[in-house]
Amino acid sequence: MPEERVPADYTEMDLLEAKRFDKKVKENFMPAIVSTVKQIIEDYGVLEGVCVDVGCGTAVFAIELCKHSKLKIFALEKEKAIYEVARMNIEEEGLADRIIPILGDAHKMPFENEFADFIISRGSYHCWKDKVQVFKEIYRVLKRGGTALVGGGFGRYVTDEEYKRMKSLRARSLGDAAKAYSSPDKLREVINKAGISNFRISYDRAGLWAEIKK
Ligand SMILES: C[S@@+](CC[C@H](N)C(=O)[O-])C[C@H]1O[C@@H](n2cnc3c(N)ncnc32)[C@H](O)[C@@H]1O
């Protein structure tokens, strides 16, 4: 079982920036987080077992998923200051026994083979330098019989107004990187290159998602 790792070397400026990022997510993207978690529970039932959230940010999504499931969630984040804000958010919610923040890189995850029943990664895919390598890692860490859901989007329960508002905010904040979530062919190619065959891609109003089964 991975231990929680406490980062030491981030600056006050990094922490301020991470808090600003957290505030933006909470103010602007909560409808997408609530909607996507609702969709996951509708599609997969009330999940239990071990979950890894790859690129968890400040754990806002992990917290919402935790509240609607029985999962124990290992929330993986590579930026130390963001990890620290995730840790604070988890503690504030009183969920430290169910969500374990982990400082680490998705390209070399600090988890043993077949560690997780469920892997979620929302809105992190566009950041990965070597997407093929991250998918290999996801598949390695996923248990036989498990499901991984990787992609980005707002879920199917946002209103038209919320959808339009968040889409324009996302385009502004991600710039060119937002294109990653409108390229299903590229996503398919990356997963194929990772040697994974049992997957399907959905690309609709809910976003661009790859569901991987092992
Ligand atoms: C836009 S945020 C999404 C946060 C959260 N998943 C959500 O849905 O709100 C993407 C996060 O992925 C993290 N990230 C990017 N590349 C990563 C990597 N290689 N390993 C771990 N985390 C990574 C970033 O630092 C950032 O916090």
Side-chain angles (χ1 to χ4, degrees), residues 2 5 7 10 14-40 51-69 71 73-90 93 99-111 116 118-138 140-141 148-155 157-158 162 166-167 169-181 190 194 206-210:
R5 297 172 196 186
Y10 56 84
D14 294 336
L15 192 61
L16 265 179
E17 197 51 50
K19 285 185 177 170
R20 228 173 274 146
F21 166 68
D22 181 54
K23 193 163 176 270
K24 261 197 218 158
V25 172
K26 287 172 178 164
E27 283 175 1
N28 297 329
F29 292 101
M30 246 3 250
I33 287 170
V34 169
S35 158
T36 305
V37 167
K38 190 172 174 196
Q39 178 173 330
I40 289 173
C51 170
V52 172
D53 181 353
V54 180
C56 68
T58 56
V60 181
F61 186 89
I63 287 167
E64 182 69 12
L65 181 60
C66 181
K67 287 178 179 170
H68 291 87
S69 72
L71 291 164
I73 303 176
F74 291 80
L76 181 73
E77 172 56 49
K78 79 165 167 53
E79 296 296 335
K80 293 179 179 179
I82 294 180
Y83 160 97
E84 184 60 22
V85 176
R87 202 183 55 72
M88 291 173 193
N89 279 340
I90 293 162
E93 291 284 340
I99 310 178
I100 318 298
I102 303 282
L103 184 66
D105 191 331
H107 295 79
K108 194 172 187 300
M109 294 191 206
F111 305 113
F118 187 72
I119 297 181
I120 176 74
S121 183
R122 177 187 171 273
S124 181
Y125 163 75
H126 68 279
C127 305
W128 304 338
K129 286 204 172 76
D130 184 344
K131 294 179 172 43
V132 173
Q133 170 61 20
V134 175
F135 275 104
K136 283 183 183 167
E137 277 293 272
I138 285 172
R140 177 185 69 74
V141 168
L149 200 57
V150 180
F154 309 139
Y157 292 106
V158 291
E162 287 167 338
M166 291 187 292
K167 199 165 178 200
L169 282 168
R170 187 177 69 173
R172 240 182 291 156
S173 67
L174 292 191
D176 258 9
K179 284 186 192 147
Y181 301 107
V190 166
L208 174 63
W209 293 97

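All heavy atoms count here, side chains included; hydrogens, waters and symmetry mates do not. Counting starts at 1 for both ligands and their atoms, in listed order.
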| Identity and distance of the protein heavy atom lying nearest atom 4 (C) of ligand 1 | Gly55 O, 3.5 Å

| said: Show the atoms of ligand 1 that are less than 4.0 angstrom away from any heavy atom in Trp128. | reply: 16 (N)

| query | Considering only the protein, which heavy-atom contact is closest to atom 20 (N) of ligand 1, and what is its distance? | reply | Ala106 N, 2.8 Å

| query | Looking only at heavy atoms, is any part of Phe29 under 4.0 Å from ligand 1, and if so is it the side chain, the backbone, or both, or is it neither? | reply | neither

| atom 15 (C) of ligand 1: the protein heavy-atom neighbour that sits closest, reported with distance to 0.1 Å | Cys127 CB, 3.4 Å

| Among protein heavy atoms, which sits nearest to atom 12 (O) of ligand 1, and what does the distance come to when rounded to 0.1 Å? | Ser124 OG, 3.0 Å

| What atoms of ligand 1 come within less than 4.0 Å of a heavy atom belonging to Gly104? | 20 (N), 21 (C)

| message | So, 4.0 Å and heavy atoms of Ala59: is ligand 1 close enough to count as a contact? | response | no

| remark: Residue, atom and distance of the protein heavy atom nearest atom 9 (O) of ligand 1 read Arg122 NH1, 3.3 Å

| Shortest protein heavy-atom distance from atom 10 (C) of ligand 1, along with the residue and atom involved | Gly123 O, 3.4 Å

| field | Gly57 neighbourhood, listing ligand 1 atoms whose heavy-atom distance to it stays under 4.0 Å | value | 4 (C), 27 (O)

| said: So is Val60 touching ligand 1 or not, going by heavy atoms under 4.0 Å? | reply: no

| query | Taking non-hydrogen atoms only, is Ser121 closer than 4.0 angstrom to ligand 1 via side chain, backbone, both or neither? | reply | neither

| query | What part of Asp105, side chain from CB on, backbone N/CA/C/O, both or neither, has a heavy atom under 4.0 Å from ligand 1? | reply | both

| note | for atom 25 (O) of ligand 1, nearest protein heavy atom and its distance come out as Glu77 OE2, 2.6 Å

